[in-house]
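Everything quoted here is computed from the prediction, not taken from an experiment. All ligand and atom numbering here is 1-based and tracks the order in the structure.
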Amino acid sequence: MSDREVEVTANTHQRKASAPALLSIVSPAYREAENLPELYGRIRAVMDGLSLDWEWVILDDHSPDQTFDVVRALAARDDRVKGLRLARNSGSHIALSCALNHARGDCVVALAADLQDPPETIPELLDRWREGAHVVWAARGKKGGESVTTTGLSRVYYWLMRRVVGFKEMPSEGADFFLLDRRVLEAFSRFNEKNVSILALITWMGFRQTTITYTKQERSQGKSGWTLRKKLKLLVDSVTSFSYVPIRAMSYLGFLVALGGFAYAAVVFYNALAGSPPEGWSALMVVVLLVGGTLMLMLGVLGEYVWRALDEAKDRPRFIVEDEVGVNPEVGSLRPDIP
Ligand code: UDP
Ligand code: MG
């Protein structure tokens, strides 16, 4: 057995013996007033069965409905429930980042608030953590009731992430539900990127990652906040944050177009010398449109990188907290949200 294996085995045994002193569950919530009470009941049933100390941090992403009132009511009933409300709707990835920054547990489980991710999977996530994993992805086994566009886009997304960006660890079925060890959480809190997929960022961070599968439930109340526009932005964010392949492809394409252009120019020049210059303007139009279109496309790709660089350079806070309940700033890792 190598030194490294000895080290890993020792670590694993150490983990097996210990349960987390505190397990945090974090949930971003947007228009989830109707789902939160049921989710609370289910989380409680699972966690009480595990006899662990736990906390549930609910991050209301500036919902227009009664979500934060429900959070307050739950926190008044059970002081393990904590809530924060963002000053503006920031999207589930930013909301989740804020919630993660407020988790105090030895490990933390990120769980959607819409009942699609069953809290009954938590013991299995915890088992993998005890076995020594630092990141445990719960990959969707099968999903029900999704449109062809959603499934298609999701396939394209995970294919791009695995094949183009090179994140082979990313579950090909997609994962929205995961467990992180405290050390991953600490490392994560040092990132302040805005236009990035949090799942991609965690995959990029490394550590010991493993995957289990679960069955993503259908939404019983409300509807998914993922519009086509948001999905496309996430796709471009995820690729541009971790890969320069599009820029390199632009250079290659530019080179090929230029090569074609020079070759065509040589043919035109030769024909002109031979006494038959090109006729009419249709050939010219084809060339102008082809080159013009390619240039526009390339400018667009470059623009995607440039505006992201500008946005990050402004260094605005990723999130601003408007209200909170049950979060005690003196207890632990509450970090200032506005630098
Ligand atoms: N969510 C959020 N902000 C938003 C949209 C969604 O915090 O702007 C929350 C939502 O309440 C849910 C989680 O993020 O708890 C996942 O969102 P959704 O169900 O829309 O995603 P899907 O299940 O379709 O991937
Ligand atoms: Mg959902």
| task | Around the Mg ion (ligand 2), list the protein N/O/S atoms within a radius below 2.8 Å, excluding water molecules. | result | Asp114 OD2, Gln116 OE1

| query | Any idea which heavy atoms bring Ser243 and Tyr305 closest together, and the distance? | reply | O-OH, 2.5 Å

| request: Can you tell me which residue pairs pass the ring-ring contact (aromatic ring centres under 6.0 Å, His included) test with a partner in residues 47-97, sequence neighbours excluded? | output: His93-Trp226

| Members besides Leu259 in its Ile/Leu/Val/Met/Phe/Trp/Tyr cluster (side-chain heavy atoms under 4.5 Å) | Phe255

| request: Using atom types as modelled and distance alone, determine if a side-chain donor or acceptor of Glu55 lies under 3.5 Å from a backbone N or O of Ala103. | output: no

| message | Among Ala112, Ser154, Ser90, Ala29, which one puts a heavy atom closest to atom 13 (C) of ligand 1? | response | Ala112

| remark: Heavy-atom proximity to atom 9 (C) of ligand 1 ranks first, among Ala110, Pro28, Ala99, for Pro28

| said: What I want to check is whether the side chains of Ser238 and Tyr157 have a donor and an acceptor closer together than 3.5 Å. | reply: yes

| query | Can Ser27 be said to touch ligand 1, with heavy atoms closer than 4.0 Å? | reply | no

| message | Check for me whether Arg31 has a heavy atom closer than 4.0 Å to any atom of ligand 1. | response | no

| task | Quick one: look at Gln116 and ligand 1, take heavy-atom pairs under 4.0 Å, and tell me if it's side chain, backbone, both or neither. | result | side chain

| task | Please name all residues satisfying salt bridge (charged side-chain N to carboxylate O under 4.0 Å, His left out) with Glu32, sequence neighbours left out, ordered by chain then number. | result | Arg219

